[in-house]
Amino acid sequence: MGRARQGGYTLIEVLVAVLVFGVLTASAYTALDSLSLAAMTHREHAEQLASLQTSVARLDADLRQLSHRATRTPLGQSTPAFSGSAFELQGIRAGWANPNEFRRSTLQRFAWQFDGNALIRLSWPVTDPTGAVVPTPEVLELDVSDFRLAYRDSSGGWHEQWPPRGGTSTALPAAIEISLDTQRFGLIRRLLVVDP
């Protein structure tokens, strides 16, 4: 009578099972890692796009609500309500929200500047600041490689500065072209018609 076979697995069967389990685990880890990386990249892309849209909307809001009110320098000299160059602009805007009902104007002095690395919005608490009043800077979290502005006069001519060279006009430009070049989204152009 032969010896009864004991139940169980051989060493080779156990090794094959461990190998198959290891391959499945490695495949699952690679798939989950790729999915996690894709989700993180998508979230980062969405955050940068939202930041860009918010910044462009704020610039649009400032320019759409430009005021014709002239300003004064700390020495009391009158300056145009709006001025700009190829890389910066400044003016007075209406519609400054006042939810806490402070005793102040609804007009706000603002400026946008590009320093070669970042786009910065400046705002003053008063429209005619003295030398002691400093603006509040806000650096916008954008990957901006270039920022350009151009100004259109009422006769259709385009200028790199406002008021145009040799001109003394205190009028607002008829339109402003904004070119914003970003690392991720490329060149974005906005043409904004300024209400007279």
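- Hydrophobic clustering (side-chain heavy atoms under 4.5 Å, transitive across Ile, Leu, Val, Met, Phe, Trp, Tyr) keeps L187 apart from V56.
- To the nearest 0.5 angstrom, Q48 atom CD is 12.5 Å from R43 atom CZ.
- With contacts defined as side-chain heavy-atom distances shorter than 4.5 Å, the pair P173/D153 does not qualify.
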Next on the checklist: One pair to check against side-chain hydrogen bond (donor to acceptor under 3.5 Å, both in side chains): T79 and T71. What are the steps and the verdict?
Outcome noted: CA-CA 5 Å; T79 60; T71 60; 2.4 Å; yes
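- For the pair I120 and E138, the minimum side-chain heavy-atom distance is 4.5 Å or more.
- In this structure, the side chains of Q90 and R109 come closer than 4.5 Å at one or more pairs of heavy atoms.
- In terms of hydrophobic clustering, with Ile, Leu, Val, Met, Phe, Trp and Tyr side chains grouped at heavy-atom distances under 4.5 Å, V20 and I12 are assigned to a common cluster.
- When side chains are defined from C-beta on, L140 does not count as touching T54, because their heavy atoms never get closer than 4.5 Å.
- Proximity of F147 to E88: side-chain heavy atoms (C-beta onward) are nowhere separated by under 4.5 Å.
- Remark: side-chain polar atoms of W162 are paired, donor with acceptor, to backbone N or O of A171 under 3.5 angstrom.
- At a threshold of 4.0 Å, the pair D60-R58 does not count as salt-bridged, since none of the basic side-chain nitrogens sits closer than that to a carboxylate oxygen.
- D181 places none of its side-chain heavy atoms less than 4.5 Å from the side chain of I188.
- To the nearest 0.5 Å, the span separating CZ on R64 from CG on L59 amounts to 10.5 Å.
- Side-chain N/O atoms of Q108 and R93 include no donor and acceptor closer than 3.5 Å.
- A salt bridge between R121 and D62 is present, with a side-chain N of the basic residue lying under 4.0 Å from a carboxylate O of the acidic one.
- Contact annotation: the side chain of W112 approaches that of L119 to within less than 4.5 Å [non-hydrogen atoms, C-beta and beyond].
- Remark: T127 engages R69, I92, L107 in a side chain to side chain contact (heavy atoms under 4.5 Å, CB included) (not counting sequence neighbours).
- Considering CD of E177 and OH of Y151, their distance stands at 11.0 Å, rounded to 0.5 Å.
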